[in-house]
Visitor: 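To start, I am sharing the structure in question, which I have written as structure tokens.
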Amino acid sequence: MRLFFLIAVSGLFLLAAGFKTNQQKPWPVPDKAAKTVNPVKSSGESIAAGKVLWVQHCSSCHGKTGMGDGSKAAQLKTQPEDLSTAAMQSQSDGSMFYKVSEGRGDMPGFKKKLPDADDIWDLVIYMRTLKK
């Protein structure tokens, strides 16, 4: 009976280890990056440009409204961040720019894919429209 119990518990542990984690580890941002001010002013044009980039590069994981429910989200090891939350929206533009540029884990960095920094700043501006 003990052997069965140990096998069952071990199986459950291994099964649980295979599921993605919903817990996001803290993502530190260097102070200099966090304090960087967005040089692109928020406007209808910058929001529209950011939305085009969002649909092309971000929505498949983060979802149409930024809630982490995109069509590819279930395939990832970690749950994509819900960008509509107050915790995400309270981050500085510089922090958001850094995270989009550098990436981490399942989140790819976009500094090579979007080499024009203004494109990433447009994305940051668009991400601000996703708040709840």
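All residue numbers refer to positions in the sequence shown, counting from 1.
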Visitor: Within a strict 4.5 Å, meaning less than it, do heavy atoms of the Met107 and Glu81 side chains meet?
Guide: no
Visitor: Could you tell me the separation between the NZ atom of Lys132 and the CG atom of Asp82, rounded to the nearest 0.5 Å?
Guide: 5.0 Å
Visitor: Does Pro80 reach the side chain of Asp106, with side-chain heavy atoms less than 4.5 Å apart?
Guide: no
Visitor: Heavy atoms only: give me the nearest Ile47-Ser42 pair and the separation to one decimal.
Guide: CD1-OG, 4.0 Å
Visitor: Side-chain contact, heavy-atom cut-off 4.5 Å: Tyr126 with Val52?
Guide: no
Visitor: Going hydrophobic residue to hydrophobic residue with side-chain gaps under 4.5 angstrom, can you get from Trp27 over to Leu130?
Guide: yes
Visitor: Does any pair with a residue in residues 58-76 pass salt bridge (charged side-chain N to carboxylate O under 4.0 Å, His left out), and if so which ones, sequence neighbours excluded?
Guide: none
Visitor: Treat each ILVMFWY residue as a node, draw an edge where side-chain heavy atoms are under 4.5 Å apart, and state whether Trp54 and Leu76 are in one component.
Guide: no
Visitor: Once rounded to the nearest 0.5 Å, what's the spacing between atom CG of Asp118 and atom CG of Asn38?
Guide: 8.5 Å
Visitor: Under 4.5 Å between side-chain heavy atoms, counting indirect links through other Ile/Leu/Val/Met/Phe/Trp/Tyr residues: same cluster for Met127 and Met88 or not?
Guide: yes
Visitor: Is the shortest heavy-atom distance from the side chain of Val100 to the side chain of Leu114 under 4.5 Å?
Guide: no
Visitor: Considering only heavy atoms from C-beta outward, does the side chain of Val124 approach that of Gln91 to under 4.5 Å?
Guide: no
